[in-house]
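Here is the structure we will look at.
One-based numbering, in listed order, for ligands and for the atoms of each. FYI, side chains are in, hydrogens and waters are out, and symmetry mates aren't considered; it's all heavy atoms of this structure.
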Amino acid sequence: MKIGFIGLGNMGAPMAANLVAAGHEVTGFDLVARPEGITMAESAPAAAKGAEVVITMLPNGQILRSVAAEVIPAMDAGAVLCDCSTVDVDSARAVAETAEKAGLGALDAPVSGGVGGAAAGSLTFMVGGGDAAFATVKPLFDIMGQKAVHCGGPGAGQAAKICNNMILGVTMIATCEAFALADKLGLDRARMFDVVSTSSGYSWTMNAYCPAPGVGPKSPADNDYKPGFAAELMLKDLRLSQQAAEASDADTPMGQLAATLYARFVEEEDGKGRDFSAMLPRFEKRHRG
Ligand code: NAD
């Protein structure tokens, strides 16, 4: 397939490399990055011209909107614009509407799995958009990832992503504060893990990504909290969840509090650049009140 790939940063570069390795003809564009092994175009529209699928992997919704405004007029009718960035639901829907008006297919397909998943081709795609566009891009999702869930119409992929990550942020905080309480009560962390991981308090954050070093399976906690999934990326996703909650009049008090705590952690404490599970050493140092 002829593919345009715009945004070749930490995630985009390995995703594009996997498409090249599978034999697809990829033309890339990035304002800054020049990854090896990918043919680069002079501009975003030049990368999009003649492509059957244009994939974008960009920092935020505002940048997505401006890139989409440039590339949509350059794309052939019937081609598909597939955005894999994590952006606000409104931007995803606005871009899909513009693309569809121009006779293109459009998908929002944010991912989970991080840089490791992008390199290994084991991402999970959460996809919003039409059936035909999904069918066109599905073989590419199968190369870049292990699973692609068609969640519904435009914006449904972003909705699934921010709901999932809102649960993840809230659950990580709950797991970390429980470990900090266990410490104060003199309860051994390994015993706490043994009980909770097989009891009703279990979760992915406890069982698969335990924030306590030396406890449970290997996780960023065992690597001095190097990400993994950086706290500032969790903050981005929590803020998107609260923006969406605001716009749709949804009551999300736990999500709101998680966004506040991660904002404090990233912007006022030492959380920036650390894994989001480094909330545990944060709570360890704190006192009530
Ligand atoms: P990144 O900053 O490494 O890459 C973004 C790239 O976009 C950069 O290379 C930048 O130069 C390029 N760019 C910015 N504006 C551009 C423009 N106008 N035209 C062309 N290129 C432009 O970010 P990343 O870590 O690769 O993340 C990309 C997206 O994936 C984000 O939306 C992020 O939230 C999401 N995501 C990241 C992770 C992760 O672990 N890194 C996990 C899941 C989802």
Side-chain angles (χ1 to χ4, degrees), residues 4-18 26-36 38 40-48 51 54-72 74 81-92 95 107-127 141 144-148 155 157-166 168-169 209 219-220 225-241 243-244 262 266 272-277:
F5 207 118
I6 300 164
L8 295 157
N10 292 324
M11 295 291 290
M15 290 165 72
N18 283 332
V26 179
T27 306
F29 176 71
D30 191 291
L31 281 184
V32 180
R34 295 280 170 275
E36 267 176 42
I38 295 163
M40 298 296 279
E42 285 301 307
S43 67
V54 174
I55 298 174
T56 49
M57 195 53 170
L58 297 162
N60 60 47
Q62 217 177 344
I63 294 174
L64 169 66
R65 284 177 192 247
S66 79
V67 168
E70 275 187 80
V71 301
I72 287 171
L81 178 59
C82 175
D83 177 48
C84 294
S85 332
T86 304
V87 304
D88 57 288
V89 176
D90 286 348
S91 292
V95 165
L107 298 174
D108 52 290
V111 303
S112 77
V115 177
S122 62
L123 296 168
T124 296
F125 290 86
M126 295 149 258
V127 191
F141 293 145
M144 297 183 287
Q146 56 174 355
K147 191 172 178 190
Q158 298 295 351
K161 165 97 188 174
I162 57 174
C163 289
N164 180 74
N165 281 18
M166 188 173 80
L168 178 62
Y209 203 93
S219 70
Y225 296 99
K226 290 195 180 69
F229 185 45
E232 59 268 28
L233 289 177
M234 173 48 81
L235 174 60
K236 172 188 173 178
D237 293 357
L238 285 167
R239 282 186 166 147
L240 289 175
S241 77
Q243 192 181 334
Y262 272 104
V266 168
K272 191 160 195 285
R274 305 188 82 195
D275 189 73
F276 82 121
S277 60

More than 12 heavy atoms of other residues, nucleotides or ligands under 6.0 Å from CD of Gln62: is that the case? no
To check your reading of the model: name the closest protein heavy atom to [atom], its residue, and the distance in Å.
atom	value
atom 30 (O) of ligand 1	Met57 CE, 3.1 Å
atom 24 (P) of ligand 1	Met11 CG, 3.7 Å
atom 4 (O) of ligand 1	Gly9 CA, 3.3 Å
atom 11 (O) of ligand 1	Asp30 OD1, 2.6 Å
atom 29 (C) of ligand 1	Leu58 O, 3.4 Å
atom 21 (N) of ligand 1	Leu31 N, 3.4 Å
atom 14 (C) of ligand 1	Pro59 CD, 3.7 Å

Counting only nitrogen or oxygen atoms and a 3.5 angstrom limit, does [X] reach ligand 1?
X	answer
Asn10	yes
Ile6	no
Thr86	yes

Would you say atom 2 (O) of ligand 1 has a protein heavy atom nearer than 4.0 Å? no
Hey, is atom 9 (O) of ligand 1 touched by any protein heavy atom at less than 4.0 Å? yes
Side-chain donor or acceptor of Gln158 paired with backbone N/O of Ser85 under 3.5 Å: yes
With no hydrogens and no angle check, is any side-chain donor or acceptor of Asp108 less than 3.5 Å from a backbone partner on Gly157? yes
Could you list which atoms of ligand 1 come closer than 4.0 Å to a heavy atom of [X]?
X	value
Phe29	19 (N), 20 (C)
Lys236	31 (C), 32 (O), 33 (C), 34 (O)
Ser85	32 (O)

Just wondering, do Val26 and Met15 contact through their side chains at under 4.5 Å, heavy atoms? no
Contact between Phe276 and Leu238 at the side-chain level, heavy atoms closer than 4.5 Å - yes or no? no
How does [X] reach ligand 1, by side chain, by backbone, by both or by neither, if only non-hydrogen atoms under 4.0 Å count?
X	answer
Ile63	side chain
Leu233	side chain
Val67	side chain
Lys161	side chain

Show me the donor-acceptor pairs, under 3.5 Å and distance only, between side chains in residues 225-233 and residues at least two apart or in other chains.
from, atom 1, to, atom 2, distance (Å)
Tyr225, OH, Pro211, O, 2.6
Glu232, OE1, Gly273, N, 2.9
Glu232, OE2, Gly273, N, 3.4

Just to be sure I'm reading this right: ignoring hydrogens, which of Gly114, Ser66, Ala44, Gly117 gets closest to atom 42 (C) of ligand 1? Compare them by their nearest heavy atoms. Gly114
Looking only at heavy atoms, the pair that brings Cys82 and Ala109 closest together is SG-CB, 4.0 Å
